[in-house]
4 protein chains.
Amino acid sequence: MTGPMSDKPDFLRTAVEPFRVEPGADARSVLERMERISFQGRNLAAAHRLWQRMLRDRLTIFLGIAGALTAGGLRLAIAYLIEHRYVDCLVSTGANLYHDLHEIRGRHHYVGRPKVDDAMLQRERIDRVYDTFAREDEFADNDRWIAGFAASLEPRAYTTREFLYELGRRLDSETGQDGILTAAARASVPIYCPAIADSSIGMGLSQARHLDPGAGHIDVIGDIIESANVVSRSAGTASIVLGGGTPKNFINQASVQAEFFDARVDGHRYALQIVTDAPHFGGASGSTLEEAQSWGKLAPDAARVSVCADATLALPLLASALATSVPDPRTQRDVPEFRICGSRLTLDGSPVPGNRYLASE
Amino acid sequence: MTGPMSDKPDFLRTAVEPFRVEPGADARSVLERMERISFQGRNLAAAHRLWQRMLRDRLTIFLGIAGALTAGGLRLAIAYLIEHRYVDCLVSTGANLYHDLHEIRGRHHYVGRPKVDDAMLQRERIDRVYDTFAREDEFADNDRWIAGFAASLEPRAYTTREFLYELGRRLDSETGQDGILTAAARASVPIYCPAIADSSIGMGLSQARHLDPGAGHIDVIGDIIESANVVSRSAGTASIVLGGGTPKNFINQASVQAEFFDARVDGHRYALQIVTDAPHFGGASGSTLEEAQSWGKLAPDAARVSVCADATLALPLLASALATSVPDPRTQRDVPEFRICGSRLTLDGSPVPGNRYLASE
Amino acid sequence: MTGPMSDKPDFLRTAVEPFRVEPGADARSVLERMERISFQGRNLAAAHRLWQRMLRDRLTIFLGIAGALTAGGLRLAIAYLIEHRYVDCLVSTGANLYHDLHEIRGRHHYVGRPKVDDAMLQRERIDRVYDTFAREDEFADNDRWIAGFAASLEPRAYTTREFLYELGRRLDSETGQDGILTAAARASVPIYCPAIADSSIGMGLSQARHLDPGAGHIDVIGDIIESANVVSRSAGTASIVLGGGTPKNFINQASVQAEFFDARVDGHRYALQIVTDAPHFGGASGSTLEEAQSWGKLAPDAARVSVCADATLALPLLASALATSVPDPRTQRDVPEFRICGSRLTLDGSPVPGNRYLASE
Amino acid sequence: MTGPMSDKPDFLRTAVEPFRVEPGADARSVLERMERISFQGRNLAAAHRLWQRMLRDRLTIFLGIAGALTAGGLRLAIAYLIEHRYVDCLVSTGANLYHDLHEIRGRHHYVGRPKVDDAMLQRERIDRVYDTFAREDEFADNDRWIAGFAASLEPRAYTTREFLYELGRRLDSETGQDGILTAAARASVPIYCPAIADSSIGMGLSQARHLDPGAGHIDVIGDIIESANVVSRSAGTASIVLGGGTPKNFINQASVQAEFFDARVDGHRYALQIVTDAPHFGGASGSTLEEAQSWGKLAPDAARVSVCADATLALPLLASALATSVPDPRTQRDVPEFRICGSRLTLDGSPVPGNRYLASE
């Protein structure tokens with residue numbers, strides 16, 4: 001039995017090291033022993049490594065969330081990432097924020113099943129998200145609550161960032177409950193929601209106009225400008241995306257748009273995505289991080305990892321490992337500090353304009 | 001050799017009939033011979049049948065388009081469906097409209113390949129969408145053109161429906177070229193774009209504010225109200241979705257929201273989707289039409305077909321067959337007639353409010 | 001409105017040409033107008049072009065079929081490809097041949113549905129393949145028939161190629177029905193079934209030993225040798241794969257094994273696959289044709305096309321177009337001529353050994 | 001802020017409980033906190049629970065492995081499951097055993113990357129499996145070694161179970177290294193490989209005939225009979241499948257075939273699969289466990305869990321958790337005891353015939 005023949009220099013440097021099962025191993029140890037296996041297991045381990053590197057660099061870290069992650073039980077994991085500043089700025093679909101609000105308000109989603117008589121569910125007024133159920137009357141009550149909240153604000157146009165901050169503060173003061181919206185409000189982490197019109201939050205906002213025609217006005221174009229200015233005012237940026245969708249593109253767009261007005265911006269320095277879509281159908285959710293490079297969304301030498309997996313399976317392991325590797329980034333990182341005062345946002349003390357593009361000095 | 005034993009009544013009524021190859025067969029004949037095979041082939045054939053049924057009923061037919069369908073070569077097929085009124089109302093991602101505008105303005109996308117050095121593309125300022133290339137400088141020129149166009153409008157907030165109609169008219173008068181935007185403007189087919197902030201059209205709008213701080217204001221919440229009122233003013237509705245994404249949910253949301261204010265609305269009567277996502281990750285794009293029923297998005301007895309396929313493969317065959325089965329629906333259907341006059345929309349002569357929900361009389 | 005700016009030489013040569021809908025268009029015309037669109041639609045059009053090129057070259061064309069294609073209604077399309085010699089040698093899963101035998105014997109598969117109470121189906125003795133049903137008692141009858149047939153053969157070990165040829169001949173003489181097995185027997189097209197032990201044909205063979213302990217002996221290793229010798233005796237080879245699985249690898253393995261013993265063999269010259277699996281999980285079905293090149297399965301300059309689609313959707317369009325483009329290859333190609341006489345196979349008059357590797361002279 | 005309204009009895013019993021991140025949590029604790037989230041995360045947690053139940057019941061537990069799991073770094077995890085008797089009988093593709101042999105013989109697979117010039121790899125004689133590399137000359141050496149080993153055996157037909165046991169014993173005595181083949185040989189855990197002809201082990205066997213025409217004869221039909229008799233001699237059976245493919249169907253087929261001859265057999269009592277394929281294309285790998293029920297492959301009341309994930313991502317977490325929950329099943333379970341003596345297999349002392357079906361007494 002001979003050992004391996006002489007290595008070929010470029011391609012055969014690092015041997016696959018089979019994963020060894022160890023009873024009692026913690027999440028970090030499991031993930032670290034996956035670093036030299038193959039396929040998506042290796043990619044998840046590489047994601048852990050990459051996120052650690054991001055936390056050591058001076059960066060504004062964007063997190064995008066799409067898919068039914070909060071109805072599906074990841075809302076407190078995401079709130080944890082916000083609270084402890086594993087991330088600095090959130091971009092979300094409306095649905096993820098809506099289902100977070102639902103639980104912050106004391107309601108629940110329920111463990112259901114995918115194979116069920118949906119006509120019966122409809123009669124019972126139960127809404128289904130794959131294997132998860134919720135009560136339609138509670139959703140209608142949320143919509144009315146959102147309408148009332150929106151109508152209680154000064155009647156003018158709000159960016160989603162401003163509106164969602166006010167929403168988070170109100171939820172926090174009314175309930176004191178943990179969640180994405182409340183964690184972000186407490187930590188002054190901005191939230192952008194580019195497709196708010198395609199969600200129940202948008203529906204609630206539209207109902208606000210019944211209460212007051214001047215209510216429920218949202219300035220989504222202002223979000224574009226402000227988010228690009230966040231990029232140009234940051235020492236560097238990173239993109240972490242769970243699930244693709246509008247958040248993925250919006251985070252990349254902020255970088256492209258910033259570069260347009262500020263030559264020093266050069267694309268995100270790090271990119272990490274956990275998606276289930278494949279690239280070969282041409283959709284944005286499944287597009288590769290290499291493709292993002294062709295657009296200048298990522299820096300030419302950006303470090304990047306893509307994991308093809310359901311986030312409900314990948315994030316619990318990844319976040320548990322990361323919480324062990326880097327216990328509380330707030331105390332260890334050079335955390336970018338946002339302050340939110342109505343329509344005005346500042347980053348590390350300097351204003352981030354929402355009405356026009358201004359290169360940072 | 002005996003024939004089949006006596007049939008079991010409920011499950012074994014219709015035998016699979018193997019597809020027979022016939023040289024020279026037209027698209028309709030191919031698709032009709034796929035009706036009694038299995039899997040996604042059968043589903044595409046059923047989609048053809050279902051669309052024909054929609055065209056015989058009195059309906060407002062929504063078409064949602066997501067994914068890079070127009071960069072990918074389907075823009076004139078979609079324009080054909082609009083022009084001949086196989087569909088009545090469009091809901092689109094911003095990207096699909098942007099890439100349509102790009103070609104209407106006389107530019108091109110290019111046949112590329114997925115395996116390429118993206119860093120080199122970036123240096124060459126070529127943007128990649130999977131296997132398709134485009135020139136970044138032409139995109140930047142589009143953005144400026146959109147900014148200029150937006151700044152030329154009266155400075156006030158526009159729903160995407162109003163803005164996109166004006167955009168289509170301007171493109172038509174400037175170029176006379178065929179495309180989705182121009183076909184919709186000519187036919188007064190409304191277009192909604194709920195996630196316009198997540199697209200290059202949104203970027204162009206944001207740049208308009210440099211030219212005029214009062215320009216580039218978009219009222220996406222108004223779109224929610226108006227689209228729901230379109231549903232409640234329609235004799236019935238159908239949903240056709242290519243690719244999922246925000247258009248899929250927005251079309252369903254319009255029905256749910258309409259029902260909230262008008263008890264006679266009861267969900268879409270027909271639903272047809274061609275998507276590549278699987279349902280088991282919980283995302284909206286892959287969600288089944290049965291799941292949509294639990295939410296009341298579809299009528300309890302809605303006819304529905306879901307096809308799991310890339311639209312670039314499925315639509316050419318489906319649209320070619322449909323154009324043969326139902327040659328020019330404009331002349332055969334009871335076509336719902338929209339008229340667009342600035343912020344006001346009428347359907348079959350009655351106004352469709354965009355500022356509040358009103359049940360139809 | 002200006003035209004496109006000056007082209008960049010390498011990447012921007014060929015513009016995407018949007019698909020135009022034409023009523024009455026035949027399959028070939030539909031597919032040819034898909035050649036300059038994007039994504040999987042373009043790939044299917046390229047597959048059509050590639051298959052035409054194969055038919056003009058001097059080649060032995062292998063066809064691999066996996067997945068429930070014959071239960072799913074493609075068996076007569078595949079028989080058409082065999083009969084008219086669009087392909088020359090078949091590699092199949094056992095299930096595809098078994099379900100073909102089922103219909104050749106006058107039984108049926110039935111149009112079912114995927115969402116059904118499977119416990120009830122089990123009580124009714126109905127077997128389900130996704131949306132397709134069949135009767136369990138008819139399957140049990142097939143198994144007995146196969147056992148009886150196998151026991152009627154001279155008791156010795158048979159390669160699957162020899163056994164399946166005898167099976168096809170028996171079915172043809174008993175029924176005269178069209179099918180894959182009968183078309184292949186009539187045209188002396190060899191069929192290999194490397195995983196015959198994982199199928200109901202294997203179960204039937206195992207039951208033959210109850211009738212005669214010397215019956216039901218299959219020499220799958222002989223198939224490996226013979227198929228590699230087919231490659232080394234061919235002027236050149238091509239691989240067409242529907243669905244991946246064991247046929248995909250077996251066809252590639254034949255080429256690798258042939259090269260081992262015959263330096264003139266240099267991998268398949270053409271490769272075409274229509275699969276639904278993605279490459280990023282590391283499985284063989286989803287592996288790319290580029291990966292196959294690293295193994296020497298394909299010639300370094302092999303022409304290749306991969307389509308990500310369900311074959312029930314893609315093959316009807318592709319085969320219809322091909323039957324129009326190249327009406328009857330038997331009369332136009334330099335068809336490799338197999339003769340089968342028991343365990344002996346000849347190709348163009350020279351023997352193809354099944355017991356040892358022999359380079360062709 | 002009100003609490004949830006009164007529950008609806010049937011559907012809303014168990015609330016989703018969001019996953020909470022805990023630094024230092026071990027794999028078991030992570031997985032247990034995923035039990036009340038949604039989608040594939042919940043399914044993996046349910047798989048953990050189900051496997052624990054299997055280990056408490058009196059069962060023969062089959063494990064099927066397909067896809068490049070051993071090249072991809074899971075071989076020692078699978079060996080661990082065999083050694084500690086989390087499973088009792090293995091069904092594998094040939095490739096998984098071949099890549100295990102490769103490392104047992106002291107060679108390696110290497111950490112590679114998917115985006116690489118495959119033509120260059122071919123020139124360098126490096127074979128690629130997605131993101132993993134290996135040396136072609138070492139593979140050729142393995143093939144010769146297998147040929148030599150096969151030629152050293154008494155010249156007669158071997159079932160794969162007998163051949164693979166002898167192979168494992170030889171590897172163990174020559175190398176003493178851990179691996180799947182050696183762990184199974186040491187523990188007398190039978191291995192079946194129904195598609196051995198579609199693998200490099202098959203290629204090695206075919207080369208054995210050059211050394212001795214009587215060598216390299218494999219009786220895959222005998223495997224069918226013996227595996228069915230294992231089922232009928234077991235107190236009950238369970239099926240665990242990683243990756244689908246021929247092992248998935250072979251394990252189910254054993255149950256169906258056993259039932260045919262022994263009315264007391266009633267399908268597997270437990271079924272657990274971790275696959276990446278979706279059901280809607282009709283292929284066997286993606287088929288649901290419900291579909292398996294219609295065929296009688298599973299008991300009508302079988303407990304079952306299906307996880308849609310890459311095994312390289314799911315198994316490390318699952319096996320680590322299981323090793324913590326049930327530390328060493330050998331000492332806790334009523335382990336079914338196999339003994340292998342040449343072509344004869346016994347289970348708990350009674351013979352398992354390989355040449356005919358015999359109901360257990």
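Chain identifiers are assigned alphabetically (A, B, ...) following the order of the sequence lines, protein sequences preceding nucleic acid strands; residue numbering begins at 1 within each chain.
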Contacting moiety of A:Phe260, where chain B heavy atoms sit under 4.5 Å: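 A:Phe260 touches chain B through side-chain heavy atoms alone.
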Which atoms of A:Phe139 approach chain B - backbone, side chain, both or neither, heavy atom under 4.5 Å: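 Side chain of A:Phe139 only, per the 4.5 Å heavy-atom cut-off to chain B.
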For chain B, which residues of residues 112-120 of chain A have heavy atoms nearer than 4.5 angstrom: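 Under the 4.5 Å heavy-atom cut-off, A:Asp118 qualify.
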Close approach to chain B in residues 207-214 of chain A, criterion heavy atom under 4.5 Å: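 The residues closer than 4.5 Å to chain B, in numerical order, are A:Gln207, A:Arg209, A:His210.
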For chain B, which candidate among [options] shows the most heavy-atom pairs at distances under 4.5 Å?
options                                : result
A:Thr312, A:Asn355, A:Ile225, A:Asp277 : A:Ile225
A:Leu205, A:Val129, A:Val91, A:Thr160  : A:Val129
A:His217, A:Gln253, A:Arg123           : A:Gln253

Leading residue by heavy atom contact count with chain A [cutoff under 4.5 Å; candidates [options]]:
options                                : answer
B:Leu121, B:Asp198, B:Leu313           : B:Asp198
B:Trp295, B:Phe250, B:Phe261           : B:Trp295
B:Ala292, B:Gly244, B:Gly202, B:Gly283 : B:Gly202
B:Asn249, B:Ile196, B:Asp223, B:Thr93  : B:Asn249

Region of B:Leu69 that comes under 4.5 Å of a non-hydrogen atom in chain A: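 Contact with chain A involves no heavy atom of B:Leu69 at all.
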Heavy atoms only: give me the nearest [X]-[Y] pair and the separation to one decimal.
X        : Y        : result
A:Ala68  : B:Gly282 : CB-O, 3.5 Å
B:Pro279 : A:Tyr130 : O-CD1, 3.5 Å
A:Ser206 : B:Ile224 : OG-CG2, 3.8 Å
B:Ala195 : A:Ala195 : CB-CB, 3.8 Å
B:Thr246 : A:Thr246 : CG2-CG2, 3.9 Å

Verdict with supporting geometry, B:Asp143 and A:Gln257, side chain to side chain contact (heavy atoms under 4.5 Å, CB included): CA-CA 11 Å; B:Asp143 297 356; A:Gln257 186 62 81; 5.6 Å; no
Step-by-step side chain to side chain contact (heavy atoms under 4.5 Å, CB included) determination, B:Phe281 to A:Val275: CA-CA 10 Å; B:Phe281 300 120; A:Val275 296; over 6 Å; no
With sequence neighbours excluded, residues passing salt bridge (charged side-chain N to carboxylate O under 4.0 Å, His left out) with A:Arg304: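 A:Arg304 satisfies salt bridge (charged side-chain N to carboxylate O under 4.0 Å, His left out) with A:Glu290 only.
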Pairing residues for B:Ser199 by the side chain to side chain donor-acceptor pair (under 3.5 Å) criterion, not counting sequence neighbours: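 Counting only residues at least two positions away or on another chain, B:Ser199 forms no side chain to side chain donor-acceptor pair (under 3.5 Å).
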Rounded distance [0.5 Å steps], OG in A:Ser294 versus CD in B:Glu124: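 If I round to the nearest 0.5 Å, the distance is 12.0 Å.
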